[in-house]
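Given the structure is predicted, the values throughout are model-derived calculations rather than measurements.
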Amino acid sequence: MIDKERLIARAAEYQIDAAPIADQLDRYAQLLVEYNQKVNLTAITDPEGIENRHFIDSLLLACQPEVRGRMVDVGTGAGFPGIVAKIYNPQLQLTLMEPTGKRVDFLRYACAELGLTGVEFAKERAEEAARKGWREQFDLATARAVAAMPALCEYCLPLVKVGGRFIAMKSQDLAEWESARKPAEKLGARLVEYRSFTLPDGSGRNLLVLEKISQTSTVYPRNGGKIAKAPLK
């Protein structure tokens, strides 16, 4: 399916050793493309696109030092970056949070086929999960292509325990960074840093790192409609 040697070579450019996991990633790509014929999972189905925009992108998150312990991937969709992070670091305790049932079915199927254990599947919207047993339970939350930063902070930070981190995967638009500052403070977090990368296809990626420094007020998260209509400022 994918060109494993090309993937390994490109990952090495970021000091990531993908050789031990290339076979699993190849199988994941096969599962993704096959399942995508009946359920809309991704618009990217060509091998090189999967390598660059899904696998390398997810590996850039997976290799960060904060990716350990218990992690929730909010709005994971087809499993990016969460499943790739679990393949890269099998010790990771992973929760894949996705509200769409058909996508959750794929996530269960893919993880079973890939032999991944210790994965929790949460068919939940993040703002509802944070009012249940998942509130402030995670060492790390991450999300890719879910929402603008003010809304994304409100979705994700209530899930993170004090002392934990939230890493948002964003394009290289630093307006996103500044837009997160005040919402993060209201939710008990602070901006730490952003880490910039260029993907093999030339597109930019920023990893925006936030630290949870105090408990989130029980006022948050609000319901999804309020988050969308009136993002925190």
| query | Charged N to carboxylate O below 4.0 Å: is that the case for Glu136 and Lys161? | reply | no
| If only atom types and distance count, is the side chain of Lys212 paired as donor or acceptor with the main-chain N or O of Val160 below 3.5 Å? | yes
| request: Search all heavy atoms of Arg131 against all heavy atoms of Pro221 and return the closest pair with its distance. | output: NH1-O, 3.1 Å
| request: Salt-bridge test for Arg195 and Glu193: reply yes if a basic N is under 4.0 Å from a carboxylate O, no otherwise. | output: yes
| Heavy-atom side-chain proximity of Phe80 to Val84 below 4.5 angstrom | yes
| Main-chain N/O of Gly188 paired with Arg190 side-chain donor or acceptor, under 3.5 Å | no
| With sequence neighbours excluded, what pairs up with Ala151 under the side-chain contact (heavy atoms from CB on, under 4.5 Å) test? | Ala147, Tyr155, Ile227
| field | N-O pairing of Asp57 and Arg144 below 4.0 Å | value | yes
| message | Looking at Arg70 and Glu120, is there a salt bridge between them, counting it only when a charged N and a carboxylate O are closer than 4.0 Å? | response | yes
| field | 4.5 Å side-chain heavy-atom contact, Thr216 and Arg135 | value | yes
| task | Run through Glu5, Arg6, Lys4 and flag the one making a side-chain contact (heavy atoms from CB on, under 4.5 Å) with Ile2. | result | Lys4
| task | Run the salt-bridge test on Arg181 and Glu178 with the 4.0 Å N-O cut-off and return the result as yes or no. | result | yes
| How far apart are the C-alpha atoms of Thr142 and Asp73, what are their side-chain angles, what is the distance that settles it, and do they pass the side chain to side chain donor-acceptor pair (under 3.5 Å) test? | CA-CA 5 Å; Thr142 191; Asp73 182 5; 5.5 Å; no
| field | Lys186 with Glu154: basic N within carboxylate O range, under 4.0 Å | value | no
| Set of residues satisfying side chain to side chain donor-acceptor pair (under 3.5 Å) with respect to Thr100, sequence neighbours excluded | Glu98
| Does Leu232 offer a backbone N or O that forms a donor-acceptor pair with the side chain of Lys182 under 3.5 Å? | no
| request: Flag the pair Ile167 / Glu66 as yes when at least one side-chain heavy-atom distance between them is below 4.5 Å, and no otherwise. | output: yes
| message | Looking at every non-hydrogen atom in both residues, tell me the closest pair between Ile83 and Ala78 and how far apart they are. | response | CD1-O, 4.3 Å
| said: Salt bridge or not between Glu48 and Arg53? Use side-chain N to carboxylate O under 4.0 Å. | reply: no
| query | Trp177: what forms a side chain to side chain donor-acceptor pair (under 3.5 Å) with it, not counting sequence neighbours? | reply | none
| request: Kindly confirm or rule out a cation-pi arrangement of Lys123 over Phe121, judged by NZ or CZ under 6.0 Å from the six-membered ring centre and within 45° of its axis? | output: no
| task | Using a strict cut-off of less than 4.0 Å between a Lys/Arg side-chain nitrogen and an Asp/Glu carboxylate oxygen, indicate whether Arg27 and Glu113 qualify as a salt bridge. | result | yes
